[in-house]
Amino acid sequence: MEYNFSEIEKRWQQYWAKKKTFKALNPDDPEFGKKNFKGKYYVLDMFPYPSGAGLHVGHPLGYIASDIAARYKRLCGYNVLHPMGYDSFGLPAEQYAIQTGQHPAVTTEQNIKRYREQLDKIGFSFDWDREVKTSDPDYYKWTQWIFLKLFNSWYNIEKDKAEPIETLIERFRNQESRFTVDGFEKKWNELNEKEQSDVLMEYRLAYLSEAWVNWCPALGTVLANDEVKDGVSERGGHPVERKRMPQWSLRITSYAERLLKGLDTLDWSESIKEAQRNWIGRSEGTSIQFKIEHSELTIEVFTTRPDTVYGVTFLTLAPENDLVLQIITDEYKAKVEEYIHYAKNRSERERQADVKKITGQFTGAYAIHPFTNEKIPVWVGEYVLAGYGTGAVMGVPAHDTRDYAFAKHFNLPIKKVIQPNDPALANEECFDTYNGQCIHSELINGLEVTEAIKKIIAEIEKRGLGKGKVNYRLRDAIFGRQRYWGEPIPIYYEKGIPKSVDEKDLPVVLPDVDKYLPTESGEPPLARAEKWKYKDRFDYEHTTMPGWAGSSWYFLRYMDPQNEKEFAGKTATGYWQQVDLYIGGSEHATGHLLYFRFWTKFLKDLGYISIDEPAQKLINQGMIQGVSEKVYLPKSISSRFDFASNPNKRLIYFTTGIDAIDSRLTQPIEIYFHEYGSMEVPSDLDNLRQIILISEELINDSNRESVIQVNMDARLFENSKLDLKRFFESEKLLNINNPNANHIYILVNEQGSVIRRLKDESLLPANFEFKSVPEVEKMSKSKRNVITPDTDPENGQPGIIEQYGADCLRMYEMFLGPLEQHKPWNTNGITGVFNFLKKMWRLYHLSPDLSSQSEADSKALKVLHRTIKKITEDIENYSFNTAVSAFMICVNELTDLKCTSKEVLEKLCILISPFAPHLAEELWQNKLGHDGSVAYAGWPKYEEQYLVEDSYEYPVSINGKTRFKIPLSLKLTKEEVEQAVLSAEEIKKYIQGSPKKVIVVPGRIVNVVV
RNA sequence: GCGGGUGUGGCGAAAUUGGCAGACGCACCAGACUUAGGAUCUGGCGCUUAACGGCAUGGGGGUUCGAGUCCCUCCACCCGCACCA
């Protein structure tokens, strides 16, 4: 009987869907009482964004792992919640909408459909009744509701938790608080509505403020810090600049300490926890006030080294610091303004690119040293960040490398105030060690650094100059996006005052607009919806929420997805508690995973849920990388491309630039092409857009500068050689960016040139080979190296699923290596897994009727129980690759034993069902003759008795080197083993006389030392 | 610069507390069967040597009867953060 995987897999996928085999039960479900669950288990995959490219082979890696865990826990008797849904708001759909005019909801729906189709083919045990989509109004109603809760809450530092804003207003009323407005002190009740609103904005956890933001002109929106990488946007790689504008933000900084401390309780990888710790960036220090000479103003600095305060020789302010303009003297005004202008117009990227470059400007002002009363010059410098601390630093060049560099560059004095313990440092001009004593520091002379810090802080506090303080690198999260495809922020404006939409009016539904672009006056797209007003009168807020809003609480919605009255009912949240196993990529370390924790803590503070952390255990599956194929294009205008290494070859001149298959070069430019040789140049060539591709072997150091490297579709290549057949036939793979373009491709290699338009392979030089440079990198559409698990919709090539089946895909992805490790995709080993599945199938078909077979023999039972033990341990440790090996060993051995025992085969079938569920279900029901699904068959128990051995082949080492083996009874004592070994025939070769020492480890090894 | 991770055959990788290095699979080699195939089965397969043996877990050193595993030191690669005072 053939192993017909496609028929088997289709059958059981339909069966599971029809029977709702994987439905998870809430406690209020009538069925719940009938089950005798061992407990609950919540397995969650990170929320996927349904991109237009569909799933590639890397996506399922984590899903397969979580599915194995889910199926295993079900077999162990747990009520398993294993849901899936879509984080369906986001930039790519909107970018596509801008280009095509199609509503993002439409493309999103199409993408979701494709995702679902692909997910279904892999046989996951998701409870699809719980599917959620963040762009669904029934869902984002609750995202908006949580936003309102954030807006209407403040952080009570004394209680260390968030509270409703009313408790704050109550305090303001009762406590005789005074508020300074336009220079007048007023009581709360004396403030007008606008003034009250402004005061409360300083406290609300979701607030509107004038802030320095990461503005991305290409995307037309601001971005949160975690959405910017190396000065460019994470999505799309567009430049980002700093801009000051009114912005909605979330006061995540109030939770900094709790987010930091909570990490210690989590079973997450050290690298993710460390990334979050760095991102939060806690540092202890103190603030110190410096008076400005001839002025009422003071400059407050933050420092972690107050012990070096006597070493201060200058102060530096950030260019954005408002104080700068207030303190500059007339003499320096022009220069400082010029400098500020310069600094402001530098993009983040430029700024980061040359951090080594030192820039700054003296302001003309002087501060007074609070301890020595010396005059200290005040500078402004780019190296001081506006957003951290107070935007001002005290310059201690002798003990801070940045201050040192600045002082050196501008010739400022350097004053050493620490005597280091390490003599090697004593002669250095600058060192920042904590090991040493203070010198030249009146109040703290002779003290060790740590002592000095304590004493000087006490002194600073006593004199009212400042106080001990904790600073965080973490900034409040910018929450508004000047984009269309996101949750509307449920705020409206009445007389310029932002107010929350009434809860009963939620959801605020995303309105239709004529274009998905900003208005002419630069307002966000939502401003185009002219009739879109709250209560028909008031303007709504026009920015929308960022992509991470919906994913910050989705794990709660899965617990009770259809609830219309609450985001999730108390019974449901009380039962499911938190995620027991969360699997996803490590790229979310400082974004999603931080917001996810933040919202959970907030909802707990308000008493809506009872847990403090959303996910106890987190596993980051490694990335499956793709192999990109890079080819070369002449760099553009007027490059003369010269194969200098090979003077006999032809020369090609490019007199203008060229269009490229690379999206960065989208302008069509004509080229002229000359060649010495036999090739004919079509007469209409100059009317068409031409792309010249240069083979890898022609590139050398002398011409490398005149070419650029671009990705071609990896599917056109085989082992980094262009497959000419595909190249001639596949228009689609060539012109991803513009399928309608009528390009002419010219391939150039050592043998000459080929124009693709000729479309005739017979015209090719013999053995024409065009080579690319392969590179292993992230699998992504833009790198054109995506491999789909199923049939490729672009070229119709069958995928792994069609060729080998979903069970094979599942087992192969697990077999590839440890879950957490990154690995390039290659299918070289897949036949091994496929052969294994076939062999397993054959094992169950050795006998036509297993039900009448006799008792298992002890050998088969031993194999079985060893496997039960191994698989159970491996699953518990998420070591799925070794589990697959164990199955192979087991099936090989049972096949050798010609095992037809129903008892053994039944248990093996259950064991493998989390890994290869379709095969297992087929064998369970159709071969072993069971009625129900194998999914609830019960996990087999491992029994020690079958594994007990009575003899063992002791490896005998001489001086730690294994020389021979000797079978001995395990009942023997150490002494008896030693005796047996020393009297063995083989040992005579290695020792003369008596050995120095004999080490016997019972049941393991014998080592003889001579 | 700081932090995290990884280094084992031609390749993907195994290896409980330190105890037979390379399980399992791919590729390769030889053979069997054969309706010649991307089927199945048997055997071989780290390097080196004619063989005995010797050498091998990124390099060097150490602890130990015994080290891929523990300690020190250096190197390479990957990832994250980065003028955070």
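In what follows, chains are A, B, ... by sequence order, proteins preceding strands, each numbered from 1. Since the model is a prediction, treat every value here as computed from it, not as a measurement.
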Would you say [X] places a side-chain N or O within less than 4.0 Å of OP1 or OP2 belonging to [N]?
X	N	answer
Asn835(A)	rU40(B)	yes
Arg842(A)	rC41(B)	yes
Lys823(A)	rG12(B)	no
Thr962(A)	rA21(B)	yes
Ser283(A)	rA85(B)	yes
Gln821(A)	rA13(B)	yes
Asn620(A)	rC79(B)	no
Arg277(A)	rG4(B)	no

Same-atom distance ([atom1]) from [N] to [M], integer angstrom:
N	M	atom1	answer
rC55(B)	rG68(B)	P	14 Å
rC78(B)	rC41(B)	P	42 Å
rG19(B)	rC26(B)	P	29 Å
rU69(B)	rA30(B)	P	38 Å

Per the atom types in the model, does the base of rG19(B) pair as donor or acceptor with the side chain of Tyr954(A) at under 3.5 Å?
no

Less than 3.5 Å between a donor and an acceptor, one on the side chain of Asn828(A) and one on the base of rC26(B), is that the case here?
no

Is a salt bridge present between Glu873(A) and Lys869(A), judged by a nitrogen-to-oxygen distance below 4.0 Å?
yes

Asp264(A) and Arg277(A) ion-paired at < 4.0 Å
yes

How does RNA chain B read in dot-bracket, base by base from 5' to 3', with Watson-Crick or G-U pairs under 3.5 Å and | used when the partner is on another strand?
(((((((..(((......[....))).(((((.......))))).(((....)))..(((((..]....))))))))))))....

To the nearest Å, how far apart are Met623(A) CE and rG5(B) P?
18 Å

Is there a donor-acceptor pair under 3.5 Å between the side chain of Asn321(A) and the backbone N or O of Leu323(A)?
yes

Determine, step by step, whether Tyr255(A) and Glu257(A) satisfy the side chain to side chain donor-acceptor pair (under 3.5 Å) criterion, reporting the C-alpha distance in whole Å, the side-chain angles of both residues, the deciding distance to 0.1 Å, and the verdict.
CA-CA 6 Å; Tyr255(A) 284 85; Glu257(A) 192 64 37; over 6 Å; no

Checking understanding here: a glycosidic angle within 90° of 0 is syn, the rest anti, so what is rG54(B)?
anti

May I ask you to say what Asp403(A) touches in the nucleic acid, namely base, sugar-phosphate or nothing, with a heavy-atom cut-off under 4.0 Å?
nothing

Would you indicate what Tyr404(A) reaches in the nucleic acid, counting non-hydrogen atoms under 4.0 angstrom: base, sugar-phosphate, or nothing?
nothing

Using heavy atoms to find the nearest nucleotide of RNA chain B for Asp896(A) and Asn881(A) separately, return the residue whose nucleotide is more 5′.
Asn881(A)

Let me know, please, whether Gly817(A) or Lys997(A) comes out on the 5' side of the other along RNA chain B by nearest nucleotide.
Gly817(A)

Tell me whether the centres of the aromatic rings in Tyr595(A) and Trp548(A) are closer together than 6.0 Å.
yes

Determine whether the aromatic ring centres of residues Tyr952(A) and Tyr954(A) are separated by less than 6.0 angstrom.
yes

Non-hydrogen side-chain atoms of Asn214(A) and Ile478(A) separated by less than 4.5 Å:
no

Side-chain atoms of Ile889(A) come closest, of rG19(B), rA23(B), rA85(B), to rA23(B)

Among rC20(B), rG54(B), rG4(B), the one nearest any side-chain atom of Arg963(A) is rG54(B)

If the plane angle is over 60° it's perpendicular, under 30° parallel, otherwise tilted; pick one for Phe915(A) and Phe887(A).
perpendicular

